[in-house]
Amino acid sequence: MNNNAIGVFDSGVGGLTCVSELQKILPHEDIIYLGDTARIPYGTRSKETVFEYAKQDVAFFREHNVKMIIVACGTVSAVMMTYPIFNDGELSSGVLYPAVRAACDSTRNKRIGVIATSASIKSGGYGKAIREIIPDAKLVGKACPMFVPLVENGYTDRGNEVAKIIARDYLQVMIDEDVDTLIMGCTHYPLLRDIISDIMGEKVTLISPGAEAAKYALRTLSEKDMLTSNKQNGKLELYCTDSVELFTENVKTILGSDINGKIYRTVLK
Ligand code: DGL
């Protein structure tokens, strides 16, 4: 057993889609979350810049002595396929491989869509990982750069007309290409799930990378006998790199207003 916290990070609030799943399936684990809100978005930046930011995110968790680091950011997960950020022996997971595994298990017609940030789509990482499992899969990728600002500004309700117009435009290609499985390859996007699923229809399976990474963490920590021995609900500690007020509002919208956790501002080095 290991009672240290699990570390989870993203550029903003998207990685909370991983935290909410962790709280469901590993309720006794302590979690430390970092949202690098001062530098969001990551997904429009070069891979070199994302790599520099990711190294600082990981250094933050090394200082906090966590037992596992989950990169709850599709962009960093894709970039680190080329630029590794972890040392040998460090327990970590990105969201890309767990999401791809779930998509490959789910597809029946081998036509898989991936919506993600521009940096993730440009990296080609999702396609590479999918073809390692299904070599003749048809992959349809689409960058959706306006989704992250919509989410960070709370434009997520099912009836939000602005979000609906933008989503319809981005997703038309997925309908035209008849995908039966759609990876919401940026962890912010599942916060638009209602809008996305209304457009794609109930026959298309939507994959949430944060939720899949949480399931992977459960499997890995169990296999390695590293689950906590705590019997009470785990503690949640949240850090952001910009305004605590704005971050708190967003966190409450996503995790519920009774988030039983403390929120702090930190400076990354
Ligand atoms: N949530 C992030 C991702 O999964 C990044 C959003 C961004 O910073 O552009 O890619």
Side-chain angles (χ1 to χ4, degrees), residues 7-22 33-58 69-83 85 92-100 102-103 113-127 129 141-156 163 166 170 182-193 196 206-214 216 238-242 246-247 250-251 253-255 268:
V8 182
F9 77 87
D10 180 34
S11 55
V13 293
L16 295 174
T17 55
C18 178
V19 170
S20 61
E21 184 68 16
L22 282 173
Y33 184 81
L34 170 66
D36 188 8
T37 47
R39 299 191 295 198
I40 191 172
Y42 282 14
T44 52
R45 298 180 198 274
S46 69
K47 45 186 185 310
E48 291 77 15
T49 300
V50 173
F51 176 57
E52 289 309 316
Y53 290 174
K55 277 199 293 194
Q56 294 182 355
D57 297 328
V58 168
I69 301 177
I70 304 182
V71 180
C73 174
T75 307
V76 175
S77 304
V79 164
M80 73 189 198
M81 289 170 77
T82 327
Y83 293 99
I85 46 173
S92 65
S93 170
V95 289
L96 189 146
Y97 282 106
V100 162
V114 178
I115 49 174
T117 64
S118 306
S120 295
I121 295 295
K122 246 187 255 155
S123 77
Y126 278 99
K142 176 82 184 167
C144 305
M146 282 187 287
F147 276 175
V148 168
L150 285 176
V151 169
E152 290 285 330
N153 288 286
Y155 280 46
T156 52
I166 294 172
Y170 283 148
L182 179 65
I183 301 177
M184 299 180 285
C186 163
T187 50
H188 279 71
Y189 298 0
L191 297 163
L192 294 164
R193 177 186 274 274
I196 294 172
L206 301 181
I207 306 289
S208 164
E212 295 306 325
Y216 175 82
L238 299 120
Y239 292 83
C240 59
T241 53
D242 199 9
L246 183 60
F247 189 63
N250 280 339
V251 171
T253 314
I254 295 164
L255 295 183
L268 298 175

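What you are looking at is a predicted structure, and each value in this text was computed from that prediction instead of being measured. Indexing begins at 1, ligand by ligand and atom by atom, following the structure's order.
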Give me the residue, atom name and distance of the protein heavy atom closest to [atom].
atom	result
atom 9 (O) of ligand 1	Gly43 N, 2.8 Å
atom 4 (O) of ligand 1	Gly74 N, 2.5 Å
atom 1 (N) of ligand 1	His188 ND1, 2.7 Å
atom 2 (C) of ligand 1	Asp10 OD1, 3.2 Å
atom 10 (O) of ligand 1	Thr75 OG1, 2.6 Å
atom 5 (C) of ligand 1	Ser11 OG, 3.4 Å

Does any non-hydrogen side-chain atom of [Y] lie less than 4.5 Å from one of [X]?
X	Y	value
Tyr42	Val79	no
Met184	Thr17	no
Cys144	Cys186	no

Subset of ligand 1 atoms that lie under 4.0 Å from at least one heavy atom of [X]:
X	result
Ile40	8 (O)
Cys73	2 (C), 3 (C), 4 (O), 5 (C), 10 (O)
Pro41	7 (C), 8 (O), 9 (O)
Tyr42	7 (C), 8 (O), 9 (O)

Other residues, nucleotides and ligands only: do more than 12 of their heavy atoms fall within 6.0 Å of CZ on Phe247? yes

For Tyr126 and Gly185, indicate whether the former's side chain and the latter's backbone hold a donor-acceptor pair under 3.5 Å.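 Yes: the side chain of Tyr126 pairs with the backbone of Gly185.
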
Checking Glu21 now: which residues fulfil salt bridge (charged side-chain N to carboxylate O under 4.0 Å, His left out) with it, not counting sequence neighbours? Lys24

For ligand 1, indicate whether the residue Thr187 contacts it via side chain, backbone, both or neither (heavy-atom separation under 4.0 Å). both

What is the minimum heavy-atom distance between Ala72 and Thr187, and which atoms define it?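 Smallest heavy-atom distance, with atoms named: O-OG1, 2.8 Å.
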
On a heavy-atom basis, the closest approach of Ser93 and Pro98 is OG-CG, 4.0 Å

